[in-house]
Amino acid sequence: METPTPEQAWINRDYFTRVLETYLHADVTVERYELAAGCSGGQNFMSAILRATVHYTLASSEPNRPEKVSLIVKTKLANPELAEEADQLNVFGIEKTVYGPVLKAVRELLTSFGDCTQFAPRFIYEDEHALVLEDLAVKGYRQPDRRARLDQPHMRLIVQKLAKFHAATAVLGRKNRDLFSVLASSSFATEGNPIHLFYANAIQHCIDQTVRVPELGQYTEFLRAFLEHAIEREAKSYESDEAGFQVLNHGDMWLNNLLWKYDADGTVNDVIMVDYQESFYGSPAFDLNHLLYSSANSAIQRAGFNELVQLYTSELQSALRQFKYDGPLPDLASVRAEMVSKRDHALIVTTCIVPPLILENSALATPENMLGDHEEAIRTREEIFSNPKFIEILSILLPRLVGDSSSEG
């Protein structure tokens, strides 16, 4: 059982009483609760995630008839310095805006067209301490083996759902741009953002691997040149043409933020996106590059992304028509061109996001290890970036990222 930190002293029976009474609109008596880690170590950089199982009774129910509910509680990191930096980036404000008014508007739009697609967990409660969401594990949603990354059935499903999400938010943006005012720009370029150091460390370790591994030697100077301006170039990835096609980007569209549901025979039938704390309004190619370069397995990456980009474009056009979008529909050529324009982000994803994802022991990829300059942190990063599986991925993706930029694949 997880024990709250001193900074989480507010987690108690009174807190869960407020949560459930707000959610259920009824008088509740919380009998007890248990806490557990909501995700594996090293899998969340900006917040702490707890799973709370709350046992309660309703005043209106029969005596001695207890109920229970499983909740996901997202709160600040235990490390005070990292928690303060996350505050400066407004990650909770962003996520509360998405789970609150934005997803409410998305739900209302879809419902008006008889569409019941669900993009996110149900939003239950929020205050200055935390966001509380439904626990989708109760409904059978789970993550597959992250180290294998996603095969074609999984990728096809998430590409289609992402396209519909983008379409809905594009329609809403045309109707009411104020809905996205808080999300109009990313906080990535904020001075002191710890992600900057994370990325710089990661790219340097990738450079070290190109020096160490003969077949990657041809990319050493390319990565050194990229490192010199990586933060400025990544900041530009968040920019978009105000007159162009714009959507709400999830902003961190990779395997760790996807939960899947399966039929009895193991066939995947649904996916839900979680963790909207980096969402921003801009080019859909940001999300699409992030997903393809981080989460598609090596077989898909070797074959190129053409089929999935075509599927995304087709689903995007279909959903835009369904939701009565009143602007020009993006075609395959424009989607590909946008992906090329956001290729710096694909390079960041490849060099910085992928290595912790495919680790055998994800607990090694803590913020302290990814940011620290002490001996243990450096040694841990060397282990993370010298992983043979990661070297294989670099050998697949670097030629595409360095080579001809005339197409997305």
Side-chain angles (χ1 to χ4, degrees), residues 144 146 148-167 170 216 218-219 222 237 240-241 244-247 249-255 257-258 260 267-269 271 273 282-322 325 328-354 357-358 389-390 392-409:
R146 58 180 171 73
R149 291 169 293 147
L150 301 176
D151 62 13
Q152 198 75 1
H154 287 82
M155 285 299 297
R156 286 181 63 84
L157 194 60
I158 182 54
V159 159
Q160 290 173 291
K161 180 157 276 194
L162 181 63
K164 183 175 279 193
F165 177 75
H166 282 169
L216 296 179
Q218 60 188 303
Y219 306 113
F222 170 80
S237 296
S240 62
D241 178 7
F245 181 71
Q246 293 186 295
V247 305
N249 280 272
H250 176 280
D252 197 12
M253 179 50 55
W254 69 315
L255 193 153
N257 292 329
L258 302 172
W260 308 84
T267 303
V268 62
N269 64 36
V271 59
M273 303 182 291
S283 167
F286 187 97
D287 268 355
L288 195 52
N289 272 346
H290 200 119
L291 174 67
L292 295 175
Y293 282 85
S294 71
S295 302
N297 67 19
S298 291
I300 294 171
Q301 291 181 338
R302 279 197 180 91
F305 303 128
N306 283 317
E307 180 187 343
L308 291 170
V309 175
Q310 290 169 3
L311 178 63
Y312 170 86
T313 305
S314 174
E315 185 69 23
L316 180 69
Q317 292 175 339
S318 175
L320 287 169
R321 292 190 187 98
Q322 177 187 353
Y325 182 70
L329 299 182
D331 60 13
L332 185 58
S334 66
V335 171
R336 284 176 168 164
E338 278 296 297
M339 292 179 71
V340 169
S341 77
K342 303 304 176 188
R343 187 166 290 201
D344 281 343
H345 182 63
L347 184 54
I348 285 286
V349 169
T350 301
T351 54
C352 306
I353 305 299
V354 170
L357 172 66
I358 59 174
K389 291 183 179 178
F390 179 55
E392 177 191 2
I393 291 168
L394 285 179
S395 71
I396 296 169
L397 294 181
L398 281 179
R400 180 172 293 120
L401 291 164
V402 175
D404 177 39
S405 62
S406 61
S407 73
E408 98 296 336

CD1 of Ile353 to CE of Met253, rounded to nearest 0.5 Å, is 13.0 Å
Donor-acceptor under 3.5 Å (Lys342 side chain, Ala285 main chain)
no
So, do Leu291 and Val349 sit near enough that their side-chain heavy atoms are less than 4.5 Å apart?
no
Nearest non-hydrogen partners of Ser237 and Asp344, listed with the distance:
OG-CB, 4.0 Å
Using every non-hydrogen atom in the two residues, find where Val247 and Ala170 come nearest and quote the distance to one decimal.
CG1-CB, 4.0 Å
Answer with yes or no whether the side chains of Asn297 and Arg302 bring together a donor and an acceptor at under 3.5 Å.
no
Out of curiosity, Leu157 CG to Asn269 CG, how far, rounded to the nearest 0.5 Å?
7.5 Å
Working to the nearest 0.5 Å, report the span between NE2 of His290 and CH2 of Trp254.
7.0 Å
Beyond-backbone contact of Val159 with Phe305, side-chain heavy atoms, under 4.5 angstrom
no
Sort out for me which residue in Leu258, Leu357, Ile358 forms a side-chain contact (heavy atoms from CB on, under 4.5 Å) with Arg146.
Leu357
Work out which heavy atom in Asn249 is nearest to a heavy atom in Ser283; give both atom names and the distance.
ND2-O, 2.9 Å
Would you find a donor on one side and an acceptor on the other, under 3.5 Å apart, between the side chain of Arg400 and the backbone of Gln301?
yes
Which pairs with one or both residues in residues 152-165 pass side chain to side chain donor-acceptor pair (under 3.5 Å), sequence neighbours excluded?
Asp115-Lys164, Thr117-Lys164, Asp151-His154, Gln152-Glu307, His154-Tyr262, Arg156-Glu307, Lys161-Asp270
Nearest 0.5 angstrom please: Ile158 CD1 to Leu308 CG, how far?
11.5 Å
For the pair Asp252 (side chain) and Asn257 (backbone), establish whether a donor and an acceptor sit closer than 3.5 Å, ignoring hydrogens and angles.
no
CD1-OG distance between Ile393 and Ser298, expressed to the nearest 0.5 angstrom:
5.0 Å
Between CG on residue Leu394 and CG on residue Leu216, distance to nearest 0.5 Å
6.0 Å
Locate the shortest heavy-atom distance separating Val354 from Thr350; write the atom from each residue and the value.
CB-O, 3.6 Å
Where do Ser295 and Leu255 come nearest, in terms of heavy atoms and distance?
OG-N, 2.8 Å
Side-chain contact, heavy-atom cut-off 4.5 Å: Phe245 with Ser334?
no
Ala296 to Arg149 - nearest heavy-atom pair and separation:
O-NH1, 3.0 Å
Who pairs with Ala346 by side-chain contact (heavy atoms from CB on, under 4.5 Å), at least two apart in sequence or on another chain?
Asn289, Tyr293, Leu401
All N/O donor-acceptor pairs, side-chain side in residues 309-320, below 3.5 Å, sequence neighbours left out:
unit_1	atom_1	unit_2	atom_2	d
Tyr312	OH	His166	ND1	2.7
Thr313	OG1	Val309	O	2.8
Gln317	NE2	Pro330	O	2.8

Using the rule given for side chain to side chain contact (heavy atoms under 4.5 Å, CB included), can you reason through Glu392 versus Ile396, listing the C-alpha separation, both sets of side-chain angles and the distance that settles it, and then say yes or no?
CA-CA 6 Å; Glu392 177 191 2; Ile396 296 169; 4.2 Å; yes
